[in-house]
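In what follows, chains carry the letters A, B, and so on, assigned in the order in which the sequence lines appear, proteins first and then strands, with residues in each chain numbered from 1.
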Number of protein chains: 2
Amino acid sequence: MDSATPASPVRKRGRPTEAGRVERRGQILDAALPVFLEYGFGKATVDRIAAAARVTKRTIYTYFGDKDGVFTEMQRRLAANVSGEPLRTETLESLAARIVYGLHSAQMIGLHRLVIAESLRFPELARRLHDNGDMRHIARLADHIRAEHGQAAAAHAEQLYALLLGEDYRRRLLGLLEPVTAAEAAVHARSALAVIQLTTASPLSGAASAAGAPST
Amino acid sequence: MDSATPASPVRKRGRPTEAGRVERRGQILDAALPVFLEYGFGKATVDRIAAAARVTKRTIYTYFGDKDGVFTEMQRRLAANVSGEPLRTETLESLAARIVYGLHSAQMIGLHRLVIAESLRFPELARRLHDNGDMRHIARLADHIRAEHGQAAAAHAEQLYALLLGEDYRRRLLGLLEPVTAAEAAVHARSALAVIQLTTASPLSGAASAAGAPST
DNA sequence: GTAGAATGAAACTAATTCGTATCATTAAAA
DNA sequence: TTTTAATGATACGAATTAGTTTCATTCTAC
């Protein structure tokens, strides 16, 4: 989180070009992310963010107004990246493995930890993370389940998602587990699909809608 | 979180009895919990805790040394309460419903949110929460599954636990969902048991160990 | 009874940190 | 060329807050 900025050795002073302004803005947000992830919102000082971005505090306040502004803008930028474009040729199994791998990554865990911690102070931030991240994942899982196992089975997409996260996801949030490799993620995904009877080998029959459907 | 302390109208000053000291200690920790839950560790000031406990800052520092001391002692006290004694006459279904209801409660969600937020600063606090809370739940689920569905099915206790928490648990952490009622928890639990084929109606056959077992 | 421990009340210290201001400097704009 | 916006560097103000100290007080311990 420190050696990732070998960019400009010495920064020029005067008025920057318009392109320079755009670049600097992104530079600040990119630098703010790891700082927030490491320290959390409260302990992440503006001075530290400024140092990481190789920019003075003054510039940060010019661009974002205050610390909250940096935080929300950073999250807004992340939300745009989270929604990766769907790969056309993808099976349910490979999609599940990708989700597991991505959600257990250090960056995602850090972001989730941060958003959970500040969910009371920044409720719409939590809303964005859930809508743009989780709900899209669930919808995409539902699409694949529907294609491979029929309409009835698609109702279990959310439960499948919960299984893909699993207790390991919570262990990651609690700092009790290291990030998983892609291979481990694939194994985990297969195990989840198997227990919910969504492997391609044994598709779900018609007796899917068991107990009361989740009301939420 | 404020009208819950109509205790002593006016506190005496002088030296307290030994019993009084024990009581005051608990009083401080009890008052600290809701303050930490509401504000988080960073924004929970010692002054606020002192006010909530009807005690002066001075007393808090005498008892706990510093703010971290209050925090860790509070969590240590909670850990003792989390492990509720097992009810002898309980089915897997009722146990599952109890777990769902308890983990979605406002107090538990607040505690988890807090521990997740501070897991980097207080790693052993996260460890305690996981060992004394989650792992005991999983073990108890495994016991019931073993009794009702055989040894092979018990391997899925952790996956069942993940389903019992579900996406709703994460929505609770993110502040996007209100606590569930006991009835809703029961429905949720039945749905989880059904999807994992652990309802008493249709017990799991021998074809349980599907893909690679979780490696964690 | 007396000494001293523990507390309330409240002021105080020291450190942190958000946000602003000053001054020099560079380059875009006019 | 002149003007001006934006920046670096740095100092500063104001607010918050962890932790300490002082003084009076009241009760336990002996």
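As rounded to whole Å, 9 Å separates atom C1' of C/dG8 from atom CZ of B/Arg24. Between the C1' atom of C/dA6 and the CD atom of B/Glu23 lies a distance of 15 Å, rounded to the nearest Å. With rounding to whole Å, B/Asp68 atom CG is found 11 Å from D/dA18 atom P. Here the C1' atom of nucleotide D/dT7 and the CZ atom of A/Arg54 are 16 Å apart, to the nearest Å. One interatomic measurement links the two molecules: CG of A/Asp47 to P of D/dA11, which rounds to 13 Å at whole-angstrom precision. With rounding to whole Å, B/Tyr61 atom OH is found 17 Å from C/dT13 atom P.
Among the protein residues, B/Phe64 comes within range of no part of the nucleic acid, since none of its heavy atoms lies under 4.0 Å from any strand.
Nearest to the side chain of A/Asp66, among C/dT7, C/dG19, D/dT7, sits C/dG19. With D/dG19, C/dG19, C/dA9 as the choices, the nucleotide that has an atom nearest any side-chain atom of B/Lys67 turns out to be D/dG19. Residue A/Thr59 places its side chain closer to D/dG8 than to any other of D/dG8, C/dG8, C/dG19. For A/Arg58, whose side chain is taken as the heavy atoms from C-beta onward, the closest listed nucleotide among C/dC23, C/dG8, D/dA18 is C/dC23. Nearest to the side-chain atoms of A/Thr62 among the listed nucleotides C/dG19, D/dT7, C/dT7 stands D/dT7. In this structure, the nucleotide among D/dG8, C/dT20, C/dG8 sitting nearest to the side chain of A/Lys57 is C/dT20.
B/Ile49 is not listed as a side-chain neighbour of B/Phe71, based on a closest heavy-atom distance of 4.5 Å or more. Under the 4.5 Å side-chain criterion, counting only non-hydrogen atoms from C-beta, A/Asp134 is not in contact with B/Arg171.
OP1 or OP2 of D/dT7 has at least one side-chain nitrogen or oxygen of A/Tyr63 nearer than 4.0 Å.
Within the structure, every pair that satisfies the salt bridge (charged side-chain N to carboxylate O under 4.0 Å, His left out) test and touches residues 104-118 of chain A, not counting sequence neighbours, is listed here: A/Glu118-A/Arg121.
Although no hydrogens or angles enter the test, the distance criterion places a donor-acceptor pair under 3.5 Å between the side chain of A/Glu184 and the main chain of A/Thr181.
At a threshold of 4.0 Å, the pair A/Arg76-A/Glu73 counts as salt-bridged, since one of the basic side-chain nitrogens sits closer than that to a carboxylate oxygen.
Of the residues near DNA chain C, A/Val46 and B/Arg21, the one whose nearest nucleotide (by heavy atom distance) lies more toward the 5' end is B/Arg21.
Under 3.5 Å, the side chain of A/Arg48 and the base of C/dT17 form no donor-acceptor pair of N or O atoms.
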